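Take a look at the structure below.
First listed ligand is number 1; within each ligand, the first listed atom is number 1. None of these values were measured; they are calculated from a predicted model.
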Amino acid sequence: MAMNGVLRPGHAALRVLDLKESMHFYGNVLGLQETGRDKQGRVYYKAWDERDHNSLVIRQADRAGIDFFAFKVDSPKTLEKLDSDLRAYGVPTERIPEGEMLETGPRVRFQIPSGHLIELYAQKTDVGNGMPYVNPEAWTPAAEKGIAPTRMDHCLLYGPDIEKVQKLFEEVLGFYLVEHIVLEDGRTDLAIWLSSSIKAHDIAFVRHPEPGKLHHVSFLLDSWEKVLRAADLMSMNRVSIDIGPTRHGVTRGTTIYAFDPSGNRFETFCGGYQTYPDCQPIKWTMDEVGAGVFYHERKLNERFLAVVT
Ligand SMILES: [Fe+2]
């Protein structure tokens with residue numbers, strides 16, 4: 001089954017060590033728009049071209065990492081169906097009432113075998129992208145503030161039992177496998193890239209003994225030139241760059257990995273091919289894994305595998 005009503009990644013909820021420092025980073029350096037603060041002290045952001053109220057939520061905590069990652073579904077009816085499908089599959093779900101997150105409808109939360117909390121929701125207030133729905137211009141000044149990605153695009157999560165994660169995403173949520181890296185035994189996946197759309201990935205997982213870890217949340221840029229501009233802005237603002245600008249072999253995206261002030265890795269990227277559920281998955285073998293991850297360098301760096309939050 002594929003494309004059964006899960007539209008796209010909707011929001012990522014991150015923990016940060018110092019809220020003020022993080023607000024400067026996400027608001028001014030990455031260039032997201034702050035859209036609200038709630039009673040819990042969480043701060044909400046969206047990328048300039050996103051129309052829904054929020055796609056990134058941060059809260060202060062004593063350790064960095066990800067609280068949950070959510071997908072928007074196409075209707076309340078689909079939300080109900082997927083909730084009951086998850087329970088029928090043996091996955092307990094929790095209902096989080098409308099309004100627990102600002103401008104966001106009821107959410108269905110569940111834990112996946114890798115230890116991460118995933119949410120589904122159908123409603124979030126359309127606050128627009130600063131341009132009218134009738135006769136809009138091409139962009140707004142917000143498109144030039146900071147790195148200014150157009151949207152929060154996907155995440156890569158580290159945890160155990162990724163074959164069970166893949167099965168759940170495929171059989172219940174309608175995702176399909178786009179690419180994978182296979183270990184030396186020729187059978188076990190080290191990493192999987194899954195799509196619910198025609199994007200090369202909406203979520204990805206790497207096998208890792210510790211559950212619930214974040215490798216990166218990714219933000220989309222329009223062009224390779226904007227990826228280079230992002231690297232300049234990272235240097236100007238003394239952002240710690242992990243690697244890049246470079247290209248991935250997997251998905252073919254052009255990319256920079258860097259760290260927010262709390263050590264959460266983020267990606268600013270452009271491109272990647274379009275795919276469909278009938279496309280045969282692309283396989284990478286361990287002898288070429290370096291080129292799969294970093295196409296120009298053709299080798300992994302130690303940080304890529306070891307540093308997660
Ligand atoms: Fe990525």
- Task: Verify the distance test for His201 against the Fe ion (ligand 1): any N/O/S atom under 2.8 Å, yes or no.
- Result: no
- Ring-ring centroid check Phe71 Phe175, cutoff 6.0 Å: yes
- Task: Please name the atom of Glu267, restricted to N, O or S, that is closest to the Fe ion (ligand 1).
- Result: OE1
- Query: Are any side-chain N or O atoms of Asn54 and backbone N or O atoms of Leu102, one a donor and one an acceptor, separated by less than 3.5 Å?
  - Reply: yes
- Message: At less than 2.8 Å, would any N/O/S atom of Cys155, backbone or side chain, sit next to the Fe ion (ligand 1)?
- Response: no
- Message: Classify the ring geometry of His201 against Phe269: parallel below 30°, tilted from 30° to 60°, perpendicular beyond 60°.
- Response: perpendicular
- Does Asp49 reach the main-chain N or O of Arg151 with its side chain, forming a donor-acceptor pair under 3.5 Å? no
- the Fe ion (ligand 1) is nearest to which N, O or S atom of His216? NE2
